[in-house]
Amino acid sequence: MECKAVKGTRDFLPLQMQKRNYIFNTILNVYRQHGFLQIETPAMENLQTLMGKYGDEGDKLLFKILDSGMFLREEKIEEFANHIKASEVNKATKMIAEKGLRYDLTVPFARFVVNHQNDITFPFKRYQIQPVWRADRPQKGRYREFYQCDADIIGSDSLMNEVELLQIISEVFSKLKLNVAIKLNNRKILSAIAECLGKKDQITDITVAIDKLDKIGMENVLKELQDKGFSVEDCEKIKPILLINGTNKEKIESLAKIISCIEVGKKGLEELEYVLNKANNLGIENIDFDITLARGLNYYTGAIVEVKALDVEMGSITGGGRYDNLTGIFGLPNMSGVGISFGADRIYDCLEEKNLFPEDIATTTQVLFINFGEQEGDYCLKLAKQLRDNNISCEVYPDCAKLKKQMKYANDRNIPFVVLVGESEFQTKTPQIKNMTTGEQINIEEKDFAAYFLQ
RNA sequence: GUACUAUUAGUUCAGUUGGUUAGAACGUCGGAUUGUGGUUCCGAAGGUCGUCAGUUCGAAUCUGACAUGGUACCCCA
């Protein structure tokens with residue numbers, strides 16, 4: 001029988017879970033320190049909720065859930081077949097699937113806010129750590145099931161929120177000891193550039209193309225724009241914008257000369273400058289204004305941010321931005337929000353590559369009691385309770401197995417201390433403690449037992 | 001959707017122009033050592049060589065199709 005995990009999904013061994021929880025705990029502790037509240041939403045949403053929020057390509061990457069029961073009535077079979085023949089996959093799937101697995105946590109959150117608007121207090125700061133699913137071809141740093149760790153502030157258009165999220169990003173990666181570059185841009189600036197060219201409605205084409213500047217170079221970006229119907233003159237106008245470099249301040253000044261004549265451009269630059277200044281005042285230095293940062297999600301309207309690990313071949317490990325009207329689609333207009341999302345699985349891969357997990361990550365149980373028989377075992381159970389009452393995790397080996405086997409168990413489990421209570425220790429009530437790292441062994445009075453582990 | 005690459009023991013891999021009974025390391029289990037793990041020594045178990053078809057006296061090895069994994073493009077972020 002074929003039995004393995006679905007393509008692009010993975011099992012996690014206990015050691016991997018320790019490492020994953022280290023990441024999750026680091027992130028959620030920072031979130032909590034900033035006053036964010038946890039929520040969860042279901043793995044599946046109505047397709048109606050998900051479709052059309054991530055662009056055409058995004059719709060293709062949605063996992064759809066086949067309706068239960070007799071999902072295709074006889075009289076509908078021909079209609080269904082016709083859609084298939086015409087390659088109208090969307091129309092065909094609509095007939096047999098009404099649910100899908102969530103693609104990210106932001107869109108379900110928007111639905112959540114609309115549904116529960118009377119139960120939450122705005123500005124609402126929520127965090128959410130849950131898996132999402134994308135029917136992508138897996139490759140390095142790309143999975144079909146992966147965890148996002150989102151934090152959003154909705155119901156406030158203050159730029160202080162952007163600053164706080166940058167602070168969170170900075171705190172998390174400093175705690176994880178991962179060197180990163182934070183890239184910042186603003187959708188309003190990109191809109192202004194499009195408007196400058198008189199191509200307001202082609203902003204997506206522009207952003208998709210210039211986003212690739214790093215990867216494919218200036219020549220190919222311009223070529224791609226021309227393929228999309230931009231003229232040589234348009235390209236000549238874009239070129240100097242893409243060539244702008246220097247410090248953040250210099251870049252803002254250079255760009256201001258070109259786009260501040262456009263209202264939205266001026267606004268975008270002001271926002272960007274404000275956020276950069278406030279972040280710098282908080283000691284966050286590693287933020288770069290990156291004109292080519294676009295991010296594909298269509299719902300962003302203001303700040304956009306992306307984080308990449310330095311010296312690791314890996315796509316973005318954190319992303320986010322401001323969306324002014326995401327809840328509007330679900331019937332609650334004028335609700336601005338801004339959020340970020342840490343990609344836990346990619347962060348895991350970076351930490352693994354850089355060897356940045358703490359050394360004691362494999363240690364879970366602190367103390368193992370060796371089992372020498374029934375009466376010694378009973379005595380160990382009492383000692384174990386004493387340790388647990390002192391918040392020390394420990395376990396008693398369940399069988400009176402060979403000592404070698406029990407010791408090996410402690411060793412394999414990375415348990416730092418072993419307690420041996422054989423016949424003589426039992427008689428004298430002086431448990432023997434062995435330090436598995438140094439090999440040292442000492443006998444200790446029962447009354448001093450728990451205290452030994454508390455130093 | 002396109003391309004490249006791989007698939008042999010639990011894992012990582014070797015396997016000569018196609019030629020007898022397919023090997024190693026690590027891991028597992030047992031023993032040396034019935035109160036001491038991690039080191040050492042000895043031993044054992046473990047494989048339908050991804051599947052199907054073809055070429056051949058003979059296929060892990062050559063050919064084809066399919067399946068699965070990985071990588072890159074597209075795309076996503």
Side-chain angles (χ1 to χ4, degrees), chain A residues 2-10 13 53-62 87 89 103-106 132-144 146 148 150 183 185 204-205 207-209 211-212 214-216 220 224 227 290 292-300 304-309 313-321 339-347 362 368-373 376 397 400-426 431-443:
Chain A
E2 188 80 6
C3 69
K4 43 175 138 178
V6 169
K7 186 192 187 87
T9 69
R10 300 147 303 154
L13 291 162
K53 309 298 188 299
Y54 312 105
D56 289 346
E57 204 60 36
D59 285 355
K60 281 188 208 155
L61 297 178
L62 287 171
S87 296
V89 182
Y103 179 92
D104 71 358
L105 300 179
T106 307
V132 302
W133 294 269
R134 296 183 188 180
D136 217 342
R137 285 280 177 108
Q139 48 189 275
K140 190 181 177 184
R142 203 180 227 183
Y143 307 100
R144 284 181 154 179
F146 59 98
Q148 291 195 331
D150 275 39
K183 296 191 202 172
N185 197 0
T204 308
D205 288 336
T207 54
V208 166
D211 193 35
K212 293 179 192 163
D214 260 2
K215 224 168 169 180
I216 62 176
N220 293 315
E224 181 165 332
D227 291 345
D290 184 347
T292 69
L293 173 63
R295 292 182 60 86
L297 290 178
N298 293 326
Y299 48 68
Y300 288 127
I304 41 182
V305 64
E306 190 166 291
V307 181
K308 289 194 109 174
E313 270 304 310
M314 182 67 66
S316 85
I317 53 177
T318 293
I340 52 169
S341 179
F342 291 92
D345 301 77
R346 284 183 171 182
I347 292 172
L368 177 75
F369 290 87
I370 299 291
N371 188 330
F372 279 92
E376 293 90 343
Y397 197 89
C400 177
K402 279 188 185 163
L403 191 48
K404 182 186 168 87
K405 192 175 164 79
Q406 301 193 44
M407 293 299 286
K408 186 169 157 45
Y409 177 81
N411 196 64
D412 290 350
R413 288 278 317 275
N414 276 293
I415 297 174
F417 295 98
V418 164
V419 173
L420 299 109
V421 179
E423 200 182 338
S424 62
E425 289 88 351
F426 177 68
Q432 185 171 70
I433 299 170
K434 175 171 176 132
N435 181 322
M436 293 293 279
T437 319
T438 63
E440 284 175 300
Q441 293 182 214
I442 58 160
N443 286 82

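In the text below, chain A, chain B and the rest are named by the order of the sequence lines, each starting its count at 1. Only this structure's heavy atoms are used, side chains among them; waters, hydrogens and symmetry mates stay out. On a predicted model such as this, the values are computed, not experimentally measured, just so you know.
Regarding A:Arg10, its CZ atom lies at a distance of 14 Å from the C1' atom of B:G69, rounded to whole Å. A:Leu13 has its CG atom 14 Å from the C1' atom of B:G27, to the nearest Å. Nucleotide B:G69 holds its C1' atom 12 Å from the CZ atom of A:Arg144, rounded to whole Å. Rounded to whole Å, atom P of B:C74 lies 21 Å from atom CG of A:Asp59. Straight-line distance from the CZ atom of A:Arg137 to the P atom of B:C74: 15 Å, rounded to whole Å. Atoms NZ (A:Lys7) and P (B:G69) sit 4 Å apart, rounded to a whole Å.
When atom types are taken as modelled, the side chain of A:Glu306 and the backbone of A:Thr318 share no donor-acceptor pair closer than 3.5 angstrom. Side-chain N or O atoms of A:Asn435 include one that pairs as donor or acceptor with a backbone N or O of A:Thr437 at under 3.5 Å.
Residue A:Ser341 is out of contact with every strand shown, counting any heavy-atom pair closer than 4.0 Å.
Checking the phosphate oxygens (OP1, OP2) of B:C75, a side-chain nitrogen or oxygen of A:Lys212 falls inside 4.0 Å. Phosphate proximity of B:U71 to A:Gln139: absent, as no side-chain N or O sits under 4.0 Å from OP1 or OP2. Put simply, A:Lys404 has no side-chain N or O that comes within less than 4.0 Å of OP1 or OP2 on B:U33. Side-chain N/O atoms of A:Lys402 include one lying less than 4.0 angstrom from OP1 or OP2 on B:G31.
The residue among A:Arg346 and A:Lys140 whose nearest nucleotide of RNA chain B lies closer to the 5′ end is A:Lys140. Mapping A:Met407 and A:Leu61 onto RNA chain B by nearest heavy atom places A:Met407 closer to the 5' end of the strand.
Between A:Glu313 and A:Lys140 there is no salt bridge, since no side-chain N of the basic residue sits under 4.0 Å from a carboxylate O of the acidic one.
Annotation: cation-pi geometry not satisfied between A:Arg346 and A:Phe146 (NZ/CZ under 6.0 angstrom from ring centroid, within 45° of ring axis).
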